[in-house]
Amino acid sequence: MVKEAIRVNDAKSVEKGGIEIQPMRPACTITWKEIKEIFKDEFDFKGSDLKKYDEISKEDLAKAYEMMQLSRQFENACTQAYMQQHVRGFMHLDNGQETIPAFVSDSIKKSDIKYSYYREHTHALSSGVSPEKVMCELFGKNEGTCRGAGGSMHIFDKETNFQGGWALVGEQLPYAVGAARSILLDRHLNKEELKNDDRVTIVFLGEGAGQNGRMAECLNAASKEKLPIIFLIIDNGRAINTFTPDVAANSDIYKMGKHYNVPGVVVNGQSMVDVLRTGRIVTDYARVNGPVIMQVHTYRFNGHSPADPEHERGRKEEKRWARSEMDPLALFEAQALNEKWFTKEELGEISNKVKKQVKECIDFSIKAPTPPRELAKQLEYPDPPETDYSKKIAPIDGAEITGRTLDHNALKNAELHMEAIRSRSEAGQVTIGDAVNLAIIEEMIRDPRTTIHAEDLQAGSSYDIPKLTQQTFGKLRAADEIIDEGHFIGKALGEGMNGYRPIIELMNTNFGIYGMAEISSAGNTYATTGGQFKMPMTIVGAGGTSPNQALGAEHSQPLHAYVMGIPGLKICAVSTPDAAYGIMKSMIRDDGPGMLFLPVKMMKSTRGSINHGKCMPLNKAALIHRASDESIAKGRAVTVLTYLHGVFEVEKAMKELKEMDMEVDLVELRSLKPLDMDTIHDSVSRTHRVVILDESTLSGGVGATVSAIVSEKLFDELDAPVKRLCMDDAPVPYASAMEEAVVKRAADVVRGVAELVNRKV
């Protein structure tokens with residue numbers, strides 16, 4: 001018979017149906033003896049320490065095998081349900097990798113924190129999430145883990161600390177590091193109560209995601225703080241479907257930690273016994289010593305998703321070979337029978353038990369009710385926009401924890417610092433940076449579960465916003481960060497999911513572009529998890545585009561416009577110290593994510609007073625100046641909507657307009673989202689004309705959104721079309737001569753108002 005060689009390499013060939021299949025990726029041949037040598041060399045274990053891991057009881061083997069069967073049969077049922085259109089959208093299956101959930105069910109506790117990616121069904125099952133809740137989520141039912149809001153890629157379950165299900169490759173890494181930090185924070189704030197706490201965080205990722213830059217950043221962070229975290233690398237040789245060695249110079253992810261003093265080990269993922277043994281050692285190590293990498297060499301039997309055509313080189317042939325020769329269930333069954341651990345009947349009983357369980361799960365999910373339509377809007381924000389944050393009660397144990405955990409001399413220095421700011425406030429000399437700094441320190445004292453992350457944090461960053469936080473609250477609660485905003489926004493997200501109120505200071509808000517994925521996920525988390533996980537995260541920084549700021553294009557980008565389309569965010573912008581102070585306090589107390597934009601060129605020059613202790617609303621605009629009734633009666637008044645530096649520019653323009661017998665209602669849009677239409681309506685119903693001075697671009701800017709809403713909602717009040725004075729779509733130049741053509745200012749306001757009043761539109 002003629003044999004066809006599908007691929008030629010050094011791997012062992014397997015004859016199947018007259019075709020010689022030579023897999024692109026050889027089977028893993030590492031033995032248990034060799035794995036123990038890695039533990040001796042890299043983890044400093046002694047041979048006597050490892051001996052106890054040799055034996056696994058029949059009971060534990062049976063439990064692990066049952067989890068493998070549940071994982072396989074559940075995923076097979078998902079395939080059928082997908083074909084029957086019970087499951088929609090994207091779905092990613094785990095067939096062939098069942099030794100990993102077997103390890104999780106064997107070694108990982110309910111109290112441990114778990115972070116996974118979009119191929120997470122079996123990780124949730126092995127973490128203790130009921131099959132019915134997982135399947136109902138895939139079916140989009142109200143009984144699902146997230147009430148149908150998450151779907152296949154977003155399984156979350158607060159009871160078992162299963163925290164995702166994240167769709168962007170590698171994004172779960174910093175979230176997991178933040179969750180591991182929350183364990184250390186818990187121990188710091190509750191030393192006596194948690195003196196025996198041995199929780200760990202485990203993060204699942206593929207070897208493709210292990211090549212992501214986030215991996216190096218997270219290994220650094222985990223090592224620096226000795227975080228209790230396991231990086232579990234699911235190495236199936238395919239980055240989506242691409243053969244990973246085609247795009248990666250080195251696939252030995254377990255060795256990546258050497259630079260950071262994080263030990264790693266690799267294990268044959270087709271051997272359930274070796275995975276259990278290795279997993280037990282790794283978990284025990286992490287509970288005591290800190291971060292560790294465990295790479296499981298395995299094969300995925302399915303494509304990336306059912307919708308995937310799988311045209312990548314060698315993929316279909318590899319699947320056929322792996323299903324025939326590398327099935328972890330079949331390999332364990334053969335080993336169990338050969339070693340006489342189980343009889344064929346005993347293994348059959350376990351399989352039949354699972355088959356019944358999965359059938360009942362499917363039946364339950366089909367009959368389960370769908371979520372109510374109105375749930376979608378209810379899940380937009382944890383706290384309603386109209387919340388009065390002054391009425392939010394401080395944590396009952398807050399004062400006691402603060403008194404017990406802070407150095408008294410450091411706290412005294414902070415109190416003297418705050419008193420100095422309050423004294424400057426009485427003299428009208430508080431800067432915007434001072435005001436935000438005061439709000440942060442007050443809230444961190446009030447609630448010891450408030451944390452802060454920033455670059456140059458020890459030095460107070462550029463505008464003194466995080467000044468004295470680390471000196472007062474220590475490095476765990478006030479973390480100086482590496483220069484990657486996405487990394488520490490991600491860590492803050494992980495803290496926020498685990499009982500903390502993180503603040504992120506961005507120095508310049510444009511740097512937040514590095515963290516768009518994390519900002520987006522922060523906005524989506526409450527809704528995606530079906531309301532299980534609140535996200536009390538505050539991002540603050542100086543931004544906007546002032547005339548003559550001479551910062552060039554990159555530092556003049558309107559991040560406030562970029563994030564407007566992210567659901568679940570409350571977005572505020574202020575121009576005075578008083579508003580900065582009051583809104584910052586409210587945003588920290590809010591149970592959802594918020595972003596506060598400060599005017600970059602006014603941070604030190606604008607001075608004023610603050611209303612000490614007052615929280616301001618997160619959904620209100622402010623009428624800064626009201627046009628006289630006389631100008632209204634004469635038809636010579638216009639509503640001007642603006643924010644950030646625009647307030648200052650309009651105030652300059654008002655003097656010239658007054659000389660021209662024109663006035664304005666100056667409305668500061670302190671809440672960009674949600675938009676305060678009541679205040680806008682009150683003004684427009686008087687003036688009937690609107691100018692928007694906008695610090696974002698013509699296309700996709702804040703002004704475009706505001707103009708559209710005003711035109712739709714207040715059409716009958718308008719005597720003329722809304723006039724937008726916005727940045728040109730061209731990048732903001734450095735030279736003032738060119739910048740004038742792009743960035744609008746007081747002179748443009750004068751012309752715009754005059755055109756409306758004189759009806760030159």
Side-chain angles (χ1 to χ4, degrees), residues 55-84 86-87 91 93-110 114 119-139 141 143-145 152 155 157 159-160 162 269-276 279-280 298 301-302 323 326-368:
E55 299 299 324
I56 301 176
S57 69
K58 181 175 180 178
E59 181 183 359
D60 289 345
L61 288 173
K63 175 188 170 187
Y65 175 68
E66 182 175 335
M67 179 51 63
M68 287 212 298
Q69 279 287 355
L70 176 60
S71 299
R72 176 67 60 85
Q73 294 193 39
F74 185 93
E75 297 290 66
N76 287 344
C78 287
T79 299
Q80 187 173 7
Y82 190 89
M83 299 301 291
Q84 295 169 342
H86 291 303
V87 181
M91 181 179 73
L93 302 176
D94 207 34
N95 298 55
Q97 304 179 152
E98 288 85 0
T99 61
I100 292 163
F103 147 63
V104 173
S105 66
D106 181 69
S107 294
I108 302 301
K109 301 176 183 178
K110 181 179 180 180
K114 304 95 179 171
R119 200 181 307 280
E120 86 284 37
H121 307 162
T122 67
H123 306 158
L125 293 172
S126 56
S127 296
V129 186
S130 77
E132 288 79 10
K133 290 179 69 175
V134 177
M135 191 64 78
C136 276
E137 188 59 36
L138 271 65
F139 277 44
K141 297 301 184 71
E143 300 296 323
T145 57
S152 171
I155 305 297
D157 184 68
E159 182 184 353
T160 58
F162 191 81
Q270 312 316 118
S271 169
M272 188 192 85
V273 174
D274 283 357
V275 171
L276 293 188
R280 288 180 175 186
T298 185
F301 293 172
N302 297 75
R323 285 171 176 167
M326 291 291 129
D327 187 338
L329 276 85
L331 291 171
F332 173 74
E333 289 163 356
Q335 183 182 16
L337 294 174
N338 184 58
E339 299 287 346
K340 296 185 169 37
W341 295 336
F342 295 93
T343 64
K344 189 174 182 179
E345 290 71 25
E346 288 174 322
L347 294 175
E349 286 177 9
I350 293 173
S351 177
N352 290 333
K353 174 187 173 183
V354 169
K355 186 180 297 183
K356 181 175 181 292
Q357 183 183 10
V358 172
K359 183 181 183 306
E360 291 172 351
C361 165
I362 290 289
D363 293 342
F364 178 86
S365 300
I366 291 173
K367 296 175 184 177

Find out whether [X] and [Y] are in side-chain contact, i.e. whether some heavy atom of one side chain is under 4.5 Å from a heavy atom of the other.
X: Glu143; Y: Glu132; answer: no
X: Met272; Y: Gln335; answer: no
X: Leu138; Y: Cys78; answer: yes
X: Pro131; Y: Leu125; answer: yes
X: His123; Y: Asp94; answer: yes
X: Leu347; Y: Trp341; answer: no

Which pairs of donor and acceptor atoms, one on a side chain in residues 60-74, lie under 3.5 Å apart (sequence neighbours left out)?
| unit_1 | atom_1 | unit_2 | atom_2 | d |
| --- | --- | --- | --- | --- |
| Asp60 | OD2 | Ser57 | OG | 3.3 |
| Asp60 | OD2 | Arg280 | NH2 | 2.9 |
| Lys63 | NZ | Ser105 | O | 2.8 |
| Tyr65 | OH | Gln69 | NE2 | 2.8 |
| Tyr65 | OH | Glu333 | OE2 | 2.6 |
| Glu66 | OE1 | Lys353 | NZ | 3.4 |
| Glu66 | OE2 | Lys353 | NZ | 3.2 |
| Gln69 | OE1 | Gln73 | NE2 | 3.0 |
| Ser71 | OG | Met67 | O | 2.9 |
| Arg72 | NE | Glu98 | OE2 | 2.6 |
| Arg72 | NH1 | Asp327 | OD2 | 3.2 |
| Arg72 | NH2 | Glu98 | OE1 | 3.2 |
| Arg72 | NH2 | Glu98 | OE2 | 3.3 |
| Arg72 | NH2 | Asp327 | OD1 | 2.9 |
| Gln73 | OE1 | Lys355 | N | 3.3 |
| Gln73 | NE2 | Ser351 | O | 3.2 |
| Gln73 | NE2 | Ser351 | OG | 3.4 |

Expected output: side-chain Asn352 to main-chain Gly348 donor-acceptor under 3.5 Å: yes

How many angstroms lie between [atom1] in [X] and [atom2] in [Y], if you round to the nearest 0.5 Å?
X: Thr145; Y: Asp157; atom1: OG1; atom2: CG; answer: 6.5 Å
X: Phe139; Y: Lys367; atom1: CZ; atom2: NZ; answer: 12.5 Å
X: Glu360; Y: Met135; atom1: CD; atom2: CE; answer: 13.0 Å
X: Glu137; Y: Ile155; atom1: CD; atom2: CD1; answer: 5.0 Å
X: Ser127; Y: Glu159; atom1: OG; atom2: CD; answer: 12.0 Å

Heavy atoms of other groups near Glu55 CD, more than 12 under 6.0 Å: no

Flag if over 12 foreign heavy atoms under 6.0 Å of CD, Glu339: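 Counting neighbours around CD of Glu339, more than 12 heavy atoms of other residues, nucleotides or ligands fall under 6.0 Å, so yes.
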
Would you name the heavy atoms of [X] and [Y] that are closest together and state the gap between them?
X: Val275; Y: Gly269; result: CG2-CA, 3.8 Å
X: Pro328; Y: Phe301; result: CD-CZ, 4.1 Å
X: Arg119; Y: Leu93; result: NH1-O, 2.9 Å
X: Thr160; Y: Lys114; result: O-NZ, 2.7 Å
X: Leu276; Y: Asp106; result: CD2-CB, 3.8 Å

salt_bridge(Lys359, Asp363) N-O dist < 4.0 Å: yes

Side-chain donor-acceptor contact under 3.5 Å, Thr298 with Gln270: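 Note: Thr298 and Gln270 side chains meet the donor-acceptor criterion.
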
Any residue meeting side-chain hydrogen bond (donor to acceptor under 3.5 Å, both in side chains) with Lys344, in chain and number order, not counting sequence neighbours: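 Counting only residues at least two positions away or on another chain, Lys344 forms no side-chain hydrogen bond (donor to acceptor under 3.5 Å, both in side chains).
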
Any residue meeting side-chain hydrogen bond (donor to acceptor under 3.5 Å, both in side chains) with Lys58, in chain and number order, not counting sequence neighbours: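 Only Glu346 meet the side-chain hydrogen bond (donor to acceptor under 3.5 Å, both in side chains) criterion with Lys58.
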
